[in-house]
Amino acid sequence: MYNYKLIIKYDGSGYNGWQKQGNTKNTIQGALERAVKNVTGEEAEVVGSGRTDAGVHALAQVANFKLIRHVETLKLKEQLNRNLQDDICILSVEEVDTRFHSRLNAKGKKYLYRIQNTVESDVFCRNYKYHYDAYLDIELMRKAAELLVGEHDFKSFCSNRHMKKSTVRTIYSIDITRDEYGEVRILYHGNGFLYNMVRIITGTLIEVGRGVRDCDSIKDILCACDRQSAGATAPACGLILVEVEY
């Protein structure tokens, strides 16, 4: 067997998330697997480093798949891109050890959340930023974010009520900036993230920045281990998977 590692960029606006589903063929994974079949003639499962939600984007998603027959990597990259829509692009193809697994071997991830914090919306970027017109105090958001850094049980920030595995994760850093055009950027770096975790944390930080939630409430949310104690889930459009670390 030959194992191929992909780095993929995609615009998730028109897809029902990464993971293929029985009720729709419109997923990133599904599109990639159809392309692999068209190019190689083989049925292969394309395993992603994580399952981005519907509407979430990626600058460098990592995936891998195995083939029985060997294919030269440059040729594979070129032919896969020809078989994909313009909103998915294979940035690189690398032959790796057969033991490599894009999800199980991942050591860390970086996600970026973009908020257009101005009265007027950015109509040309509406699929890539969350437009929030009420002013956000990013100093308050930074103080709240500091309380989330480190190893914690993030059950309150997970939408999966039936999560059987550990909900303990480590966040290495949360960096919050605002540029001259009013765009607030929240860059998350951690060893892994739960279902909707980044979007729920973002929604909670927005409530802090708006002044409707105290910074210290973060401690109570973590202790509660209850999704209802945290803030709203921020829209998918503002979220981008930036990097996967191995």
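Basis for what follows: all heavy atoms, side chains included, without hydrogens, waters or symmetry-related copies. Each residue takes its place number in the sequence, starting with 1.
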Does one side chain, of [X] or [Y], offer a donor that lies under 3.5 Å from an acceptor on the other?
X: T233; Y: R227; answer: yes
X: D97; Y: N3; answer: no
X: T52; Y: Y10; answer: yes
X: H189; Y: E243; answer: no
X: T27; Y: N16; answer: no

Stepwise side-chain hydrogen bond (donor to acceptor under 3.5 Å, both in side chains) test for S13 and D11: CA-CA 6 Å; S13 303; D11 176 347; 2.6 Å; yes
With [X], which residues qualify under ring-ring contact (aromatic ring centres under 6.0 Å, His included), at least two apart?
X: Y113; result: none
X: Y195; result: none
X: H70; result: Y2

task: Scan for ring pair (Phe, Tyr, Trp, His ring centres under 6.0 Å) pairs involving residues 222-246, sequence neighbours excluded, and state none if there are none.
output: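 Applying ring pair (Phe, Tyr, Trp, His ring centres under 6.0 Å) to every pair that reaches into residues 222-246, excluding sequence neighbours, yields F100-Y246.
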- request: Given side-chain hydrogen bond (donor to acceptor under 3.5 Å, both in side chains), test N117 with R178 step by step and report yes or no.
  value: CA-CA 9 Å; N117 191 212; R178 186 201 307 273; 2.9 Å; yes
Quick check on the hydrophobic clustering: are [X] and [Y] connected, directly or via other members, by side-chain heavy-atom contacts under 4.5 Å?
X: V46; Y: V71; answer: yes
X: V62; Y: F65; answer: no
X: Y15; Y: I90; answer: yes
X: V56; Y: L187; answer: no
X: I218; Y: I186; answer: yes

Sidechain-backbone polar pair: [X] side chain, [Y] backbone, donor-acceptor under 3.5 Å:
X: R34; Y: K25; result: yes
X: Y4; Y: A63; result: no
X: N26; Y: G14; result: yes
X: K109; Y: V242; result: no
X: H131; Y: T118; result: yes
X: E45; Y: V47; result: no
X: Q116; Y: Y181; result: yes

query: Looking at S49 and L241, what are the two nearest heavy atoms and their distance?
result: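 Nearest heavy atoms, S49 then L241: OG-CD2, 4.3 Å.
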message: I need the minimum non-hydrogen distance between L76 and T40, along with the two atoms involved.
response: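 Looking at all heavy atoms of both residues, the shortest contact is CD1-CG2, 4.1 Å.
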Calculate, to the nearest 0.5 Å, the distance between atoms [atom1] and [atom2] belonging to [X] and [Y] respectively.
X: Q61; Y: I240; atom1: CD; atom2: CD1; result: 13.5 Å
X: I7; Y: E94; atom1: CD1; atom2: CD; result: 7.5 Å
X: K219; Y: L148; atom1: NZ; atom2: CG; result: 11.5 Å
X: I176; Y: I138; atom1: CD1; atom2: CD1; result: 7.5 Å
X: S92; Y: K5; atom1: OG; atom2: NZ; result: 7.0 Å
X: R213; Y: D220; atom1: CZ; atom2: CG; result: 9.5 Å

Between [X] and [Y], does any side-chain N to carboxylate O distance fall below 4.0 Å?
X: D179; Y: R185; value: no
X: K20; Y: E33; value: yes
X: E43; Y: K37; value: yes
X: R69; Y: E42; value: yes
X: K155; Y: D153; value: no
X: R114; Y: E183; value: yes
X: E78; Y: K75; value: no

query: Yes or no on side chain to side chain contact (heavy atoms under 4.5 Å, CB included) for L136 and I206, after CA distance, side-chain angles and deciding distance?
result: CA-CA 7 Å; L136 295 173; I206 287 173; 4.0 Å; yes
- prompt: With ILVMFWY side chains joined below 4.5 Å, transitively, what does V123's cluster contain besides itself?
  reply: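 Listed partners: F124.
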query: Under 6.0 Å between the ring centres of Y111 and Y188?
result: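 Not close enough - the centres of the two rings lie 6.0 Å or further apart.
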message: Taking the six-membered ring for Trp, are Y128 and H57 closer than 6.0 Å centroid to centroid?
response: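 Aromatic pair counts; centres sit under 6.0 Å.
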- prompt: Of all residues at least two apart in sequence or in a different chain, which pass the salt bridge (charged side-chain N to carboxylate O under 4.0 Å, His left out) check with D226?
  reply: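 Counting only residues at least two positions away or on another chain, D226 forms no salt bridge (charged side-chain N to carboxylate O under 4.0 Å, His left out).
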- prompt: Between S102 and N64, is a side-chain hydrogen bond (donor to acceptor under 3.5 Å, both in side chains) present by the stated rule, with each step listed?
  reply: CA-CA 6 Å; S102 60; N64 73 287; 3.2 Å; yes
